[in-house]
Amino acid sequence: MPEILEIEAYRRLAVQVVGRTVRSVQAPDAWFIKGGATPESLSAALVGRRFTAARRLGKLLLLDSGGPTLGLRFGMTGRLLVDGQAAIEHLEWGSRRFNPAWHRFGLTFTGGGQLIIDDPRRFGGVEIAPDEAALGPDAWTLGVGGLRLALAGGRGPLKARLLDQSRIAGLGNLLVDEMCWRASLDPCRPAGSLSDQESSVLARVMRQVLNQLDKRGGSHMGDLFEHRGRGACCPQDGQPLTKTTIGGRTTWWCPLHQQ
DNA sequence: ATTGTGGCCTGCCCGC
DNA sequence: TGCGGGCAGGCCACAA
């Protein structure tokens, strides 16, 4: 599930390990280690380091230490556990079961406690010093100007541009559908075709959706979400929703009011 | 360069 | 009730 809202919840949980010193690294799945690192090099880079901050950039969770920054990605089914406690108990499309074999990465700390990534599908990963510059500005703090810049000149679909993490960091499939729906924008339209007025509305909706769904508890709490699926109708005007694929992602939208 | 496609993995839901 | 085909919210490499 994790989109920006879930990663922000993970970040709040990860604050609990700030100030702790890494005693050991558990990396049973070498495939989960990205950026050319190995379980051994990761261990060498982290053991003895004390975390100084927990940051988030889009869907990337960052743990700063005196040395290298540790980047954590959660793919579609990754959950964060700290001291046995999960930031989010159940992920949409995740598994409800508990299986230690899905613990792809872990840290134990001097003085006790443990941080674990639980990821059944192994789409997540950990990386030392991930390239933060490869990501666009964070969606949560993006203003109108930043949004216009991100959309400018785009010939591809609006939705594909909004999902492009190098343009805007943090938005996933569900949030983009919700935002386009609330902003009454056809997700198939070329990104660069939005008027100044339309991009202003979208920027306002973006912030509104993130703040509101954060309070509700996640990316799957949108007004459109429960209507995704067979026989879906627009909750605003009752029109049957259209299902299409944009940017390789399943897309639900209302052909009546989204123009 | 930008944009589109396929593939990575595994669990689970729906329909037969 | 059991089984198998789709499908899943992310991301990357590669092709056009």
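Every chain is numbered from 1 and lettered A, B, ... according to where its sequence line falls, protein lines coming before strand lines.
Distance NE2 (His220(A)) to C1' (dA8(C)): 14 Å, rounded to an integer number of Å. Computed from coordinates, the Arg73(A) CZ to dC9(B) P distance equals 18 Å when rounded to whole Å. One atom, CG of Asp131(A), and another, P of dC11(C), lie 14 Å apart when rounded to the nearest Å. Here the P atom of nucleotide dT2(B) and the NZ atom of Lys159(A) are 22 Å apart, to the nearest Å. With rounding to whole Å, Asp29(A) atom CG is found 9 Å from dT10(B) atom P. We find that CG of Leu162(A) is positioned 12 Å from P of dT3(B), with the value rounded to whole Å. Computed from coordinates, the Ile246(A) CD1 to dG4(B) P distance equals 10 Å when rounded to whole Å. Rounded to a whole Å, the CZ atom of Phe74(A) is 11 Å from the P atom of dC11(C).
Figure legend: cation-pi geometry between Arg20(A) and Phe109(A), with NZ or CZ positioned under 6.0 Å from the six-membered ring centre and within 45° of its axis. Taking the centre and axis of the six-membered ring of Trp140(A), the NZ or CZ atom of Arg207(A) falls outside the cone set by 45° and 6.0 Å.
Look at the P atom in both dG6(B) and dG6(C): the space between them is 15 Å, to the nearest Å. Comparing the P positions of dC14(C) and dC9(B) gives a spacing of 15 Å, expressed to the nearest Å.
Listed pair Trp102(A) / dC9(B) fails the phosphate criterion, with no side-chain N or O lying under 4.0 Å from OP1 or OP2. For Thr77(A), no side-chain nitrogen or oxygen approaches OP1 or OP2 of dC9(B) to under 4.0 Å. Put simply, Arg155(A) has no side-chain N or O that comes within less than 4.0 Å of OP1 or OP2 on dT2(B). Not one side-chain nitrogen or oxygen of Arg161(A) sits closer than 4.0 Å to the OP1 or OP2 atom of dT2(B).
Within 4.0 Å of Gly154(A), counting heavy atoms only, lie sugar-phosphate atoms of the nucleic acid but no base atom. At the heavy-atom level, Arg104(A) lies nowhere under 4.0 Å from the strands shown. Contacts of Gly172(A) with the nucleic acid, taken as non-hydrogen atoms under 4.0 Å apart, involve only primed sugar atoms and P, OP1 or OP2.
Taking only side-chain atoms of Arg167(A), from C-beta outward, the nucleotide of dC11(C), dT10(B), dT3(B) with the closest atom is dT3(B). Checking dG4(B), dC11(C), dC8(B) against the side-chain heavy atoms of Lys59(A) singles out dC11(C) as nearest. Residue Pro157(A) has its side chain nearest to dG4(B) when only dA8(C), dG4(B), dC9(B) are considered.
Asp64(A) and Thr69(A) form a side-chain donor-acceptor contact under 3.5 Å, judged by distance and modelled atom types alone. A donor atom on one side chain and an acceptor atom on the other are found under 3.5 Å apart for Thr244(A) and Trp253(A). No side-chain donor-acceptor contact under 3.5 Å links Ser184(A) and Gln259(A).
Of the residues Ile7(A), Leu61(A), Ile116(A), the one that meets the side chain to side chain contact (heavy atoms under 4.5 Å, CB included) test with Leu80(A) is Leu61(A). Residue Asp223(A) forms a side chain to side chain donor-acceptor pair (under 3.5 Å) with just one option from Arg182(A), Gln212(A), Gln236(A), and that option is Arg182(A).
With a 3.5 Å limit on both pairing distances and Watson-Crick or G-U wobble geometry required, the stems of 3 or more pairs in DNA chain C span B:2-8 with C:10-16, B:10-16 with C:2-8.
Looking at Arg121(A), its side chain comes within 3.5 Å of the base of dC9(B) through a donor and an acceptor atom.
Residue-nucleotide stacking is present for Phe123(A) and dC8(B), judged by a side-chain ring centre under 5.5 Å from the six-membered base ring centre and planes under 30° apart.
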### Task
Begin with the C-alpha distance, continue with both residues' side-chain angles, and end with the deciding distance and a verdict on salt bridge (Lys or Arg N to Asp or Glu O under 4.0 Å) for Arg79(A) and Asp119(A).
CA-CA 6 Å; Arg79(A) 296 192 313 155; Asp119(A) 183 8; over 6 Å; no
